[in-house]
Trainee: 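This structure is in structure tokens; I'll ask about it shortly.
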Amino acid sequence: MHKQALTNLRYVGNALVIIGYFVLLYISMIWGLAVCLTANILLFPWAIKGKYWDVVIIAAFFSVLNGAKLIMELYK
């Protein structure tokens with residue numbers, strides 16, 4: 001993937017992290033979790049290509065937490 005495309009994914013992912021937590025706290029838990037999960041997934045290509053393993057580990061950790069909670073909320 002092109003370097004500029006990866007950088008753009010990173011920017012979108014970071015913006016979605018902020019938007020997702022706002023939605024999570026003030027609007028809807030399910031939609032907020034979905035946005036946060038999407039944001040973390042968008043960070044993976046950039047972090048893996050750049051070998052930023054700390055970012056990969058933290059994004060994976062939060063993805064698992066957000067995904068698990070999202071599944072729990074959907075199947076209540």
Trainee: Are Tyr26 and Met29 joined in one hydrophobic group, where the rule is that I, L, V, M, F, W and Y side chains link up if heavy atoms are under 4.5 Å apart?
Mentor: no
Trainee: Do Leu24 and Phe22 touch side chain to side chain, with heavy atoms closer than 4.5 Å?
Mentor: no
Trainee: Using the rule that Ile, Leu, Val, Met, Phe, Trp and Tyr join whenever any side-chain heavy atoms are under 4.5 Å apart, tell me whether Leu42 and Tyr21 fall into a single cluster.
Mentor: no
Trainee: Kindly state each residue pair satisfying side chain to side chain donor-acceptor pair (under 3.5 Å) with at least one member in residues 2-17, sequence neighbours excluded.
Mentor: Gln4-Asn8
Trainee: Treat each ILVMFWY residue as a node, draw an edge where side-chain heavy atoms are under 4.5 Å apart, and state whether Leu9 and Val55 are in one component.
Mentor: yes
Trainee: Hydrophobic cluster membership, with links at side-chain heavy-atom distances under 4.5 Å among I/L/V/M/F/W/Y: are Val12 and Ile48 in one?
Mentor: no
Trainee: Hey, any chance Val17 and Leu70 share a hydrophobic cluster, counting ILVMFWY side chains that come within less than 4.5 Å of each other, even indirectly?
Mentor: yes
Trainee: With a cut-off of 6.0 Å (strictly less than), are more than 12 heavy atoms of other residues, nucleotides or ligands near CZ of Phe44?
Mentor: yes
Trainee: Check each of Thr38, Leu37, Leu43 against Ile41 using the side chain to side chain contact (heavy atoms under 4.5 Å, CB included) test, and report the only one that passes.
Mentor: Leu37
Trainee: Ignoring hydrogens, what is the shortest heavy-atom contact between Ala39 and Gly13? Give both atom names and the distance.
Mentor: CB-O, 3.3 Å
Trainee: Without placing hydrogens or testing angles, list every side-chain donor-acceptor pair under 3.5 Å for residues 60-67, not counting sequence neighbours.
Mentor:
| from | atom 1 | to | atom 2 | distance (Å) |
| --- | --- | --- | --- | --- |
| Ser63 | OG | Ala59 | O | 2.7 |
| Asn66 | ND2 | Phe62 | O | 3.2 |

Trainee: Determine whether Trp31 and Val23 make a side-chain contact, defined as any pair of heavy atoms from C-beta on separated by less than 4.5 Å.
Mentor: yes
Trainee: Could you tell me which non-hydrogen atom of Lys69 sits nearest to which non-hydrogen atom of Leu33, and how far apart they are?
Mentor: CG-CD1, 3.5 Å
